[in-house]
Amino acid sequence: MNVKLFAPRRAAVALAAAMVGSVAALSVPSVPAMAQAPVIVGNQTATAIVESVDHDAGMILLRDKAGNLDTVRVDADQRAKLPVLHPGDKIGLRIVRTIDASIAPPGSPLPESTENAAGTRTGPHPHGMMVSFKRERVKVTGVDTTRNQVVFVDPDDITRVVLVRQKPMQEFLKTLKPGDEVDTTVMDAVSFSVLSRLPA
């Protein structure tokens, strides 16, 4: 189980995931090349037990069925909207990730990342949902359509090389050239419900 979805992610992860995992159709040439709709690249369900909660830091330690531990961070401005979890709670999780990528028009403003959360705190099974849109702009420095590779520089000024494996994204690769700036959006949505709770 991997639910570390709310810690900051690097731009390289966004473009690499877009290039490697997307199965989107591509746009017509009259507009900037882009996936026509966000593409689901991850969809999993899991159950976990809450081991500990640090309310001040917004850190929740979870143990999955196999005994593995994962830490989830919830930003301070989202905590008030979500149910309060307690050690011993058994929760059900659904994690969905989508990817979108498009060539940024020249002079367009940088994309901004956003996060939101909602939930219910009452009833026998409180539930909540956290959604984050991680948006980054990267600059393409090399394209090799023979090897299906793209080289780009992320916002941290780190050069990355990505092998493009999926056929639709190989078509998108053909629309890229050195100097293009590409906007990527990674959407992570995690919904959870308290399945059982230890008596108070």
Side-chain angles (χ1 to χ4, degrees), residues 1-24 35 37-101 111-136 154-156 162 165-166 169 184-200:
M1 178 178 64
N2 183 5
V3 291
K4 301 176 185 177
L5 298 179
F6 304 105
R9 290 175 296 279
R10 304 179 71 86
V13 175
L15 187 62
M19 291 297 190
V20 174
S22 180
V23 291
V39 178
I40 296 175
V41 294
N43 187 354
Q44 68 181 99
T45 58
T47 59
I49 302 296
V50 177
E51 289 290 315
S52 63
V53 179
D54 183 335
H55 294 289
D56 293 332
M59 304 295 287
I60 303 167
L61 182 64
L62 301 176
R63 183 182 298 276
D64 67 15
K65 284 183 177 180
N68 301 311
L69 295 173
D70 285 285
T71 301
V72 176
R73 179 181 63 80
V74 181
D75 289 339
D77 58 346
Q78 309 298 331
R79 294 173 208 159
K81 304 174 187 177
L82 297 168
V84 177
L85 296 178
H86 306 284
D89 287 352
K90 181 179 181 180
I91 62 173
L93 294 160
R94 179 159 191 177
I95 305 161
V96 177
R97 170 171 282 189
T98 67
I99 300 291
D100 194 12
E112 295 182 8
S113 298
T114 57
E115 292 184 345
N116 208 341
T120 63
R121 291 172 167 248
T122 59
H125 301 290
H127 58 274
M129 178 175 229
M130 297 173 281
V131 181
S132 68
F133 291 89
K134 182 69 173 179
R135 299 180 176 98
E136 304 277 5
D154 69 17
D156 295 324
V162 173
R165 298 182 184 278
Q166 300 296 329
M169 292 311 293
T184 63
T185 301
V186 177
M187 187 280 291
D188 284 317
V190 175
S191 58
F192 68 94
S193 178
V194 178
L195 303 177
S196 63
R197 172 162 276 174
L198 294 177

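Small disclaimer: the values here were computed from a predicted structure and weren't measured.
- Annotation: side chain of Asn116 is in contact with side chain of Gln78 (closest heavy-atom distance under 4.5 Å).
- Taking each heavy atom of Gly128 and Leu82 in turn, the nearest pair found is CA-CD2, 4.1 Å.
- The distance from atom CZ of Arg97 to atom OG of Ser132, rounded to the nearest 0.5 Å, is 8.0 Å.
- Taking CG of Asp154 as the start and CD of Glu136 as the end, the distance is 8.0 Å to the nearest 0.5 Å.
- Taking each heavy atom of Thr120 and Pro126 in turn, the nearest pair found is O-CB, 3.4 Å.
- Thr47 OG1 to Asp64 CG: the interatomic distance, rounded to the nearest 0.5 Å, is 8.0 Å.
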Working for side chain to side chain contact (heavy atoms under 4.5 Å, CB included), residues Leu93 and Val190: CA-CA 7 Å; Leu93 294 160; Val190 175; 4.0 Å; yes
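- Counting heavy atoms from C-beta on, the side chains of Asp56 and Asp54 come closer than 4.5 Å.
- Side-chain atoms of Asp89 never come within 3.5 Å of backbone atoms of Ile91 as a donor-acceptor pair (strictly under, hydrogens ignored).
- The heavy-atom pair separating Arg121 from Ala80 by the smallest distance is NH2-O, 3.1 Å.
- Residues Arg197 and Leu85 come closest through the heavy atom pair NH2-CA, 4.1 Å.
- The backbone N or O of Phe192 lies less than 3.5 Å from no partner atom in the side chain of His127, so there is not a single donor-acceptor pair.
- Side-chain contact check for Asp100 versus Thr184: every heavy-atom pair is 4.5 Å or farther apart.
- Heavy-atom minimum distance, Val194 versus His125: O-ND1, 2.7 Å.
- Between the side chain of Ser113 and the main chain of Arg135, a donor-acceptor pair closer than 3.5 Å is present.
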Would you sort out whether Thr98 and Val186 count as a side chain to side chain contact (heavy atoms under 4.5 Å, CB included), showing the intermediate values? CA-CA 6 Å; Thr98 67; Val186 177; over 6 Å; no
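- Applying the side-chain hydrogen bond (donor to acceptor under 3.5 Å, both in side chains) test to Arg94 and every residue at least two apart in sequence or in another chain returns Asn43.
- Rounded to the nearest 0.5 angstrom, Ile60 CD1 and His86 NE2 are separated by 11.0 Å.
- A pairwise comparison of heavy atoms in Ala57 and Arg79 identifies O-NH2, 3.2 Å as the closest pair.
- Evaluation of the side chain to side chain contact (heavy atoms under 4.5 Å, CB included) rule for Ser52 yields Leu61 as partners, not counting sequence neighbours.
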